[in-house]
Every structure is written in C-alpha cells, then in structure tokens.
Amino acid sequence: MPEVKATILCIDDEAVPLMLRKSVLEKYGFEVIPALSGAEALQRLESQPVDLVLTDLLMPAISGAELARCVKRRWPELPVILYSGVNEIPEDATCADLFLSKLEGPAAMCQKIEELLNRARAKSA
Amino acid sequence: MATGSARETLPVLNEGFANLLDAAEKVNILMVDDQPAKLLSYEVILAELGENLIKATSATEALDHLLKKDIAIVLTDVSMPDIDGFDLAEMIRQHPRFQKTAIIFISGVHLTDVDRVKGYRQGAVDYITVPVIPELLRAKVSVFAELHRKRRQLELLNRHLEQRVAERTEALRERADLLELATEAIVVTDLQGVIQFWNSGAEELYGWPREDVRGTNIHELLRTRAMQQSNNDWQNDLLTHGKWEGNLIHYARDGREVVVSSRQALKTESNGAPSTILEINRDITSRLQAEEALRKAERLAAMGRVAGIIAHEINNPLEAIINAFYLIRDHASLDEEARNYARLGEQELLRVAHIVRQTLSFYRESQQPTSVSVTEVLDSVLELQSRYFQVNQIQVQKLYRVDASVFGFPVELKQVFLNLIGNAAQAMPNGGRLRIRIHEHTDPVTQVRGVAVSICDTGSGISRDVGKRLFEPFFSTKAAKGTGLGLWISKGIVQKHEGNIQFRSFRTGSGCTTCFQVFLPAHSSADVMRASAGADDAANRSNGGAHA
C-alpha cells in the first residue's frame with residue numbers, strides 16, 4: 001500500500017486496458033479517474049484537481065505527448081507520465097516527467113508512479 | 001633556296017612522296033674556268049637543261065659558292081692559275097658535305113690524268129675532253145643533275161620517314177603507358193587463352209606478376225567461371241560474335257574470389273582469321289558487396305519498421321492481459337490452486353513481455369542521446385546470447401568493477417557489444433571462456449576519464465594479417481556468413497560516442513586469447529544539459545528508457 005494516497009488521471013483510448021489498469025492502480029491504493037481521450041482528460045482536469053497524469057502515448061486526435069504539453073503549460077508542477085507500448089522514447093516526449101513502457105509490469109508501474117509522486121511532493125514542500 | 005623550299009613542302013608522307021617525285025626542282029651547277037669566254041660557252045650549251053648555272057673564274061671563287069650553296073655538279077677546267085682543277089677537286093673531296101658532289105673535269109686527257117681522276121674514291125667523277133662536244137657535255141651534266149635530284153629526294157624522304165617513325169614510337173610508348181596506367185586488368189591471350197600481355201592493373205588485381213604469367217593459360221591460372229548460368233557459353237559467344245561482355249568469377253593468387261565485369265574482343269588478322277583475344281576486366285567485388293550490404297540494410301530497416309508496429313500492437317493487449325492476471329492472482333474468491341495458476345500465467349506473460357522488449361525494440365532508436373547503463377546493456381546482450389553460450393559450452397565470467405553510465409545511444413551501444421560478444425562466441429565453436437570486464441579507465445592520450453569494457457575470448461585468435469584489416473568495411477573471416485561490416489560499424493558507433501576500440505590477440509599456453517576493449521568517455525554534465533530540460537528528466541528517462 002502506498003504511503004501517500006493520490007489521485008491519478010489515467011488516459012487510454014482503449015477501454016479494456018484502461019479499465020484493467022484502473023483496477024491495478026486502485027488495488028495498489030491510488031484513486032483513479034479514467035478518461036478515454038485527451039480532450040476528456042483536459043475537461044476533467046478543469047473540474048477536479050489530481051496528483052498525477054498517466055497517459056497513453058499513441059492516441060487519435062490528441063496524442064499523449066500533446067496532452068503532456070497542454071497539461072504542463074497549464075499546471076507546470078503536475079507530474080505527467082507517458083505510458084506506451086512502443087519501445088523507444090519518442091522525440092517529442094521531453095515535456096513529460098517520465099517515459100514508462102507498458103511492459104514493465106503492474107508492480108514496476110505502481111512503484112515508479114509512487115517514486116515520482118514522492119519526488120514531486122518533496123519538491124513542492 | 002631549292003632545298004629549303006623542298007623541305008618545307010613535306011607535310012605528310014604520301015603527299016610528300018608525290019611532291020618529291022613530281023618536283024622538277026632545279027639543281028645548282030657550278031662552272032669553273034679562268035677564261036670567262038669558256039664559261040659563257042658552257043652556259044650556252046647547258047642553258048637548255050633548265051638548271052641553275054653558277055659561274056666562277058677561279059678555284060677560290062668556286063669554293064666560296066660551294067660553301068654557300070648546295071651544288072650538284074662542279075664542272076671545272078683542269079689547268080687554272082693558282083689552284084688547278086685537280087687541287088680544287090681534292091679540296092672539295094676533303095669536305096664531307098661535298099663527298100657526293102659530282103665533278104666533271106674539262107681537259108685534254110692524258111693517261112696520267114685519267115689515273116688520277118680514277119684515284120678519287122668517292123663521288124661521281126667524269127671527264128670531258130676538249131674540244132667540248134655540246135651534246136656530250138649536256139648528256140653527262142643532265143645525268144649527274146638527275147642523280148643529284150633523286151638523291152636529294154631520297155634524303156628528304158628518309159628524314160621524313162625517320163621523323164614519322166619517331167612520332168609513331170612516341171605514340172606507341174604513350175599507348176603502352178596508358179595500358180599500364182589503367183586500373184582495369186588488361187590482358188591479351190591467344191585463342192587458347194595463353195597469356196601474351198598482362199598489364200600492371202592485372203598484376204594488381206590478381207596478384208600475379210607478369211613474368212610469372214606470360215605463356216600460361218589464363219583460365220587455368222584464374223580458374224575462370226561465369227557468374228550466371230546463362231553465361232556458361234561465353235567463350236563460344238566470343239568466337240561467334242567477335243565480342244562478349246559479362247561478369248566472371250576469378251581467383252586471385254592469394255585464393256581470394258574476385259568478381260569482374262569483363263569485356264572481351266576478338267582481334268583478327270588482316271585476312272580476317274581470328275588471332276588474339278583482348279580482355280579488359282574491372283573488379284566489381286566490393287561494388288557487389290556494397291549493393292548486397294545495402295539490400296540487407298534496407299531489409300533490416302523494413303524489418304525495423306514492421307517490428308515497431310508489431311511491438312506496439314502486441315504490447316497494448318499484452319499489458320492488459322498482464323494486468324488482468326495480476327488482479328486475478330490474489331483475488332479473494334479464488335482458492336490457492338487457482339491463484340497459483342494465475343501466478344504462473346502472470347510469470348509467463350512477463351517473460352513474453354521481456355522477450356518482446358529485447359527483440360522487437362532492437363531496431364528503433366531515439367534520436368536523442370540518453371544516459372545509458374553499460375552494465376545493463378551488457379547484461380541484455382549476454383542474455384540474448386545465453387542460449388548460444390549454453391549450447392556451445394562457453395563459460396561466461398563477468399567482472400563488473402563499476403556500475404557505470406555513459407551518455408549515448410543505447411541501441412547503438414547494444415549493437416556494438418552484441419557484435420563483439422557475438423564474434424567472441426563464434427570464435428569458440430568448441431567451447432571456451434568469455435570474460436567481460438567493466439572498469440574505470442583514463443585514456444592515456446587524451447586524459448579523458450571514462451569506462452572501459454573488455455571482452456576476452458579463448459577462441460581461434462586473430463593473425464597479424466587479419467588484424468591489419470579488421471576494421472575495414474567488407475572484411476570478413478566468416479566468408480559468406482558475415483557481411484564484413486560488423487566491426488566497421490561498431491568502430492563508427494564507438495567513435496560517434498567519442499570513444500575508441502582496440503584489440504589484442506596473443507598466444508597463451510594452450511591456445512589464444514583475444515581481447516577487444518571499448519573505451520567510452522563518462523558523460524559530462526554539459527551533455528546532459530544539452531540533451532534534456534534538466535538532470536532530473538534525464539535520470540528519470542533513463543529508468544524508463546533502459547528498455548529501449
């Protein structure tokens with residue numbers, strides 16, 4: 001169980017993987033707000049503050065990298081993780097705080113999210 | 001001057017020849033007599049010959065003319081005051097230039113005089129008795145004049161021929177120089193293939209000096225064979241059509257296979273019978289290799305694109321399945337046996353994920369350099385090769401002194417180590433020991449600090465000759481199995497990282513030890529700053545990006 005309770009905005013254009021990822025994160029102890037597109041994610045962010053954004057990279061309309069840039073412009077302190085099935089770091093991924101492969105496995109994913117949250121909290125404290 | 005103009009009107013041989021034969025050029029006839037009246041009468045007699053008549057009233061005056069002009073005939077009185085005709089003749093004969101000048105004495109003939117006249121060894125000499133019979137004098141003079149004219153024409157012709165010969169010789173020499181200058185192998189053989197000419201291009205290409213090949217059969221020497229099946233009949237084609245073009249395979253002196261683009265032509269005698277074969281061969285071995293390498297590279301690039309797509313398409317559902325198993329495995333509703341199955345399923349799926357990351361991510365590379373853990377790269381390469389090590393009984397010994405990071409391109413560095421470790425493994429087909437060492441190192445030349453990775457095997461070793469060419473493109477000891485590009489590319493990658501690559505191979509008690517050492521400079525903070533927004537970013541990304 002994480003020491004810090006946190007709310008994560010989780011974005012993926014595919015519903016099934018999104019649902020399963022949500023369950024994994026919730027099992028670990030995070031609170032999860034799911035979104036099926038970049039537009040929906042930005043809408044949610046306007047109404048509800050979150051601690052971290054975990055977005056898929058390759059999505060139609062707004063890509064994960066574009067979403068990360070939008071988020072960082074508006075909320076520079078909000079940690080953003082690009083989460084992708086492609087194995088290389090895309091060139092436009094520099095705006096995110098972390099690039100994470102979907103194949104790291106659920107345990108590693110949760111652990112890295114927590115590490116990033118801890119670093120972000122230490123910075124703002 | 002008659003001779004002068006004759007020389008100038010000699011442009012080319014054929015024309016010149018015709019000119020010479022047609023030319024009715026006047027010759028000079030020198031008449032010497034102390035009595036002007038006699039000179040006048042000779043002039044009248046000889047006028048109708050149409051030659052140049054020159055008069056001299058003394059031997060001295062005659063000599064003066066002789067020195068200035070080309071005189072064909074000297075017609076001289078014998079008895080003259082001071083220097084008589086015989087003395088004059090003597091003087092004329094002493095000069096080599098006048099040795100062929102005809103001399104006609106006009107005198108009352110005594111026996112002794114005739115003897116004296118005959119005593120001259122060279123040149124035409126004749127005499128005419130007084131009283132002079134005009135027809136006789138004209139006849140003799142005209143014979144000598146004609147003789148002189150012919151001789152002069154011959155001399156001119158000779159000079160002209162000599163000049164032409166000199167020009168031709170020079171042209172031939174230049175042509176021979178050109179043949180030597182050509183980088184193509186130029187060979188002339190007889191119809192059976194016996195070598196008659198072998199230029200330095202051929203010496204260079206095949207390694208055979210010309211002294212050794214002259215007289216030997218080219219096809220036996222080079223073990224000629226056609227590149228394509230359809231060309232097997234090329235020798236017949238050449239004999240039927242008079243020429244042939246195509247690719248042939250030859251073997252050089254050192255056993256090296258050489259592919260040549262060959263152009264051959266049949267040379268015929270003037271009667272039309274074929275006599276020799278002229279053959280020009282250009283080495284296209286490296287061109288073909290380069291084309292092949294390019295095809296391979298294009299195939300790899302295409303595979304890379306496919307791999308990227310597959311990776312993405314597989315990874316997305318794979319993540320979902322792994323997550324599902326992760327959620328099932330501890331689910332409260334399941335008994336211990338069912339949970340165990342779920343755990344096994346999750347484990348195996350993680351293995352699949354790992355393999356996908358190891359293999360399908362191999363072709364793609366981020367354009368930006370990142371922090372790369374050398375130990376991680378080496379471990380991933382060793383893992384890829386682990387099956388090979390097992391099958392071939394290769395013991396792997398890891399001596400990691402530092403957990404070093406360098407700044408660079410992980411996939412490219414992985415390629416370097418995969419190449420070096422792969423080579424080492426292939427050098428030990430009957431088993432052996434592979435030792436991987438990582439340690440801190442300062443370049444002795446540049447004093448740059450960094451990481452040295454040494455990869456040592458106990459394989460077949462590298463000879464001095466092979467060592468010299470090791471990093472050349474297309475150099476391979478694996479014959480058809482290797483592209484000969486591995487070490488060349490590796491060296492390029494290491495140099496791109498501002499490092500260097502060295503090797504040593506030496507005999508040990510039982511066999512050989514070969515070590516390759518790759519030095520990579522430790523990354524400076526400036527590099528990190530340049531490539532990313534901040535140090536944090538780079539560190540984070542290296543965690544996430546280590547799989548790339």
Side-chain angles (χ1 to χ4, degrees), chain A residues 10 12-28 32 54 56-59 68-69 72 76 79-113 115-116 118-120 122-123, chain B residues 304 307-331 346-347 349-370 409-411 531-534 536-548:
Chain A
C10 191
D12 200 311
D13 59 313
E14 291 181 78
V16 173
L18 179 63
M19 186 268 284
L20 285 164
R21 200 176 305 138
K22 177 174 176 284
S23 303
V24 168
L25 291 168
E26 281 170 350
K27 189 178 170 190
Y28 194 78
V32 179
L54 176 69
D56 184 27
L57 181 63
L58 296 177
M59 293 186 295
R69 263 196 300 279
K72 282 290 180 185
V80 178
I81 296 175
L82 283 177
Y83 193 58
S84 176
V86 294
N87 286 322
E88 88 279 22
I89 305 174
E91 273 178 71
D92 58 354
T94 47
C95 51
D97 295 272
L98 183 64
F99 182 87
L100 202 57
S101 165
K102 286 184 179 174
L103 299 187
E104 296 260 334
M109 172 183 74
C110 294
Q111 200 189 328
K112 286 192 169 162
I113 289 173
E115 280 170 18
L116 184 58
N118 284 337
R119 268 207 300 277
K123 224 164 155 185
Chain B
I309 295 164
I310 292 175
H312 183 247
E313 294 310 310
I314 290 178
N315 290 353
N316 281 338
L318 198 55
E319 184 237 356
I321 301 167
I322 292 169
N323 283 346
F325 271 90
Y326 174 79
L327 292 167
I328 300 169
R329 76 160 187 220
D330 295 324
H331 207 274
E346 190 195 5
Q347 262 173 35
L349 280 171
L350 285 171
R351 250 182 70 189
V352 172
H354 192 70
I355 289 166
V356 169
R357 269 167 56 182
Q358 286 294 333
T359 51
L360 294 185
S361 67
F362 199 66
Y363 301 99
R364 295 196 140 201
E365 171 69 299
S366 160
Q367 293 300 304
Q368 291 199 346
T370 54
F409 301 89
V411 174
S532 60
D536 263 2
D537 267 15
N540 286 339
R541 208 162 301 117
S542 79
N543 288 338
H547 56 77

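Values reported hereafter were calculated over all heavy atoms of this structure, with side chains retained and with hydrogens, waters and symmetry mates removed. Naming convention: chains lettered A, B, ... in sequence-line order (proteins, then strands); numbering from 1 in each chain.
Residues passing the salt bridge (Lys or Arg N to Asp or Glu O under 4.0 Å) test with A:Asp12, sequence neighbours excluded: A:Arg21, A:Lys102.
Distance check: A:Leu103 CG to B:Ile314 CD1 gives 9.5 Å after rounding to the nearest 0.5 Å.
Residue with the most contacts toward chain B among A:Val24, A:Leu18, A:Val16: A:Val24 (heavy-atom pairs, distance under 4.5 Å).
Residues B:Tyr326 and A:Lys27 come closest through the heavy atom pair O-NZ, 3.3 Å. Scanning all heavy atoms of the two residues, the minimum distance from A:Leu20 to B:Ala320 falls at CD1-O, 3.2 Å. Nearest heavy-atom pair across A:Pro106 and B:Ile322 is CD-CG2, 3.4 Å.
For B:Leu327, the parts lying near chain A are the backbone and the side chain together; criterion is any non-hydrogen pair under 4.5 Å.
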